[in-house]
A.B. asks: 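What follows is a single structure, and I will ask about it in a moment.
Numbering of residues begins at 1 and proceeds along the displayed sequence.
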Amino acid sequence: MKIHSYFTSGGKDLIKVYLDNLPKSEKAEGYFILEMLETQGAVYFDNLNTRQIEGKIWEIKFRRHNRIFYVLLDEESLYLLHACKKQKGKAEKYELDKARNRAKEILL
């Protein structure tokens with residue numbers, strides 16, 4: 001599976017920045033998930049804690065509070081939209097808004 005990440009207009013990979021700033025074990029788990037999706041494809045979703053947020057936007061949950069929002073473009077392409085740490089009972093509205101806006105950019 002080809003994994004695409006969201007880049008700012010300045011070329012910064014925001015998902016990589018998020019993962020790189022996590023504690024070592026959390027960072028390792030995040031990168032492991034992405035590597036397994038890349039090598040095993042959509043089959044690996046069966047091993048993950050995922051849920052549909054709305055429409056085509058889904059999230060991968062790992063290490064209790066970490067979230068990676070994504071859209072599956074087709075069976076071979078996954079687009080990472082946003083990554084964040086869940087602070088309260090559910091994802092913050094502004095975090096979801098970021099994922100929604102980035103999904104709109106991609107899906108146009």
Side-chain angles (χ1 to χ4, degrees):
M1 173 175 283
K2 180 69 177 158
I3 297 180
H4 306 276
S5 194
Y6 184 83
F7 286 84
T8 64
S9 57
K12 186 185 283 187
D13 181 343
L14 296 179
I15 307 305
K16 183 180 183 316
V17 169
Y18 177 81
L19 291 175
D20 287 346
N21 286 311
L22 290 174
K24 194 174 186 177
S25 62
E26 293 178 35
K27 175 169 66 171
E29 184 175 350
Y31 278 118
F32 176 78
I33 289 168
L34 297 181
E35 180 181 332
M36 295 306 289
L37 285 169
E38 198 165 45
T39 58
Q40 294 188 13
V43 172
Y44 193 70
F45 280 117
D46 292 340
N47 299 311
L48 298 175
N49 184 1
T50 63
R51 75 177 178 111
Q52 185 175 18
I53 299 299
E54 64 184 40
K56 293 187 175 193
I57 302 173
W58 288 71
E59 75 176 353
I60 298 169
K61 302 177 193 179
F62 67 100
R63 284 292 168 119
R64 295 179 62 199
H65 300 296
N66 293 298
R67 306 289 187 260
I68 299 176
F69 296 96
Y70 68 94
V71 293
L72 196 58
L73 299 177
D74 56 43
E75 290 182 20
E76 293 300 318
S77 297
L78 176 79
Y79 203 103
L80 306 175
L81 302 169
H82 183 58
C84 65
K85 189 170 289 266
K86 185 173 106 175
Q87 301 294 326
K88 297 181 182 175
K90 57 183 181 178
E92 300 286 340
K93 182 182 178 339
Y94 67 89
E95 302 288 7
L96 292 173
D97 287 343
K98 285 180 189 179
R100 284 183 193 112
N101 291 335
R102 292 173 184 171
K104 285 177 190 175
E105 286 179 39
I106 295 160
L107 298 172
L108 288 179

A.B. asks: What about W58 and L37, same hydrophobic cluster or not, with Ile/Leu/Val/Met/Phe/Trp/Tyr joined at side-chain heavy-atom distances under 4.5 Å?
C.D. replies: yes
A.B. asks: Between K98 and C84, is the side-chain contact (heavy atoms from CB on, under 4.5 Å) condition met? List the steps.
C.D. replies: CA-CA 10 Å; K98 285 180 189 179; C84 65; over 6 Å; no
A.B. asks: Can you sort out the partners of A28 under side chain to side chain contact (heavy atoms under 4.5 Å, CB included), two or more places apart, ordered by chain and number?
C.D. replies: none
A.B. asks: Less than 3.5 Å apart, which donor and acceptor atoms pair up between the side chains of residues 100-108 and the rest of the protein, not counting sequence neighbours?
C.D. replies:
{"from": "R100", "atom 1": "NE", "to": "E54", "atom 2": "OE1", "distance (Å)": "3.2"}
{"from": "R100", "atom 1": "NE", "to": "E54", "atom 2": "OE2", "distance (Å)": "2.7"}
{"from": "R100", "atom 1": "NH1", "to": "D97", "atom 2": "OD1", "distance (Å)": "2.6"}
{"from": "R100", "atom 1": "NH2", "to": "E54", "atom 2": "OE1", "distance (Å)": "3.1"}
{"from": "N101", "atom 1": "ND2", "to": "D97", "atom 2": "O", "distance (Å)": "3.2"}
{"from": "R102", "atom 1": "NH1", "to": "L81", "atom 2": "O", "distance (Å)": "2.8"}
{"from": "R102", "atom 1": "NH1", "to": "H82", "atom 2": "ND1", "distance (Å)": "3.1"}
{"from": "E105", "atom 1": "OE2", "to": "Y6", "atom 2": "OH", "distance (Å)": "3.4"}

A.B. asks: Please round to the nearest 0.5 Å and tell me the distance separating atom CD of E38 and atom OH of Y31.
C.D. replies: 12.0 Å
A.B. asks: State which residue, out of K86, R51, Q52, fulfils the side-chain hydrogen bond (donor to acceptor under 3.5 Å, both in side chains) condition with E59.
C.D. replies: R51
A.B. asks: Working to the nearest 0.5 angstrom, can you tell me the gap between Q40 CD and M1 CE?
C.D. replies: 11.0 Å
A.B. asks: Starting from V17, walk the hydrophobic network (Ile, Leu, Val, Met, Phe, Trp, Tyr; side-chain heavy atoms closer than 4.5 Å) and list everyone else you reach, by chain and number.
C.D. replies: none
A.B. asks: If I take atom OG1 from residue T8 and atom CG from residue L14, how far apart are they, to the nearest 0.5 angstrom?
C.D. replies: 5.5 Å
A.B. asks: Answer yes or no: does atom NZ of K61 have more than 12 heavy-atom neighbours from other residues, nucleotides or ligands under 6.0 Å?
C.D. replies: yes
A.B. asks: Partners of E35 by side chain to side chain donor-acceptor pair (under 3.5 Å), sequence neighbours excluded?
C.D. replies: none
A.B. asks: List the residues meeting side chain to side chain contact (heavy atoms under 4.5 Å, CB included) with K85, not counting sequence neighbours, and say none if there are none.
C.D. replies: Y18, L22, E26, H65, N66, Q87
A.B. asks: In Å and rounded to the nearest 0.5 Å, what is the CG to CG distance from L34 to L78?
C.D. replies: 8.0 Å
A.B. asks: Answer yes if I15 and I60 sit in the same cluster of Ile, Leu, Val, Met, Phe, Trp and Tyr residues linked by side chain heavy atoms under 4.5 Å apart, and no otherwise.
C.D. replies: yes
A.B. asks: In Å, rounded to the nearest 0.5 Å, how long is the span from CD1 of I53 to CD of E95?
C.D. replies: 11.5 Å
A.B. asks: Output side-chain donor-acceptor pairs under 3.5 Å for residues 68-76, partner residues at least two apart or in another chain, one line each.
C.D. replies:
{"from": "D74", "atom 1": "OD1", "to": "E76", "atom 2": "N", "distance (Å)": "2.7"}
{"from": "D74", "atom 1": "OD1", "to": "S77", "atom 2": "N", "distance (Å)": "2.9"}

A.B. asks: Could you give the distance from CD1 (I33) to CG (N47), rounded to the nearest 0.5 Å?
C.D. replies: 10.0 Å
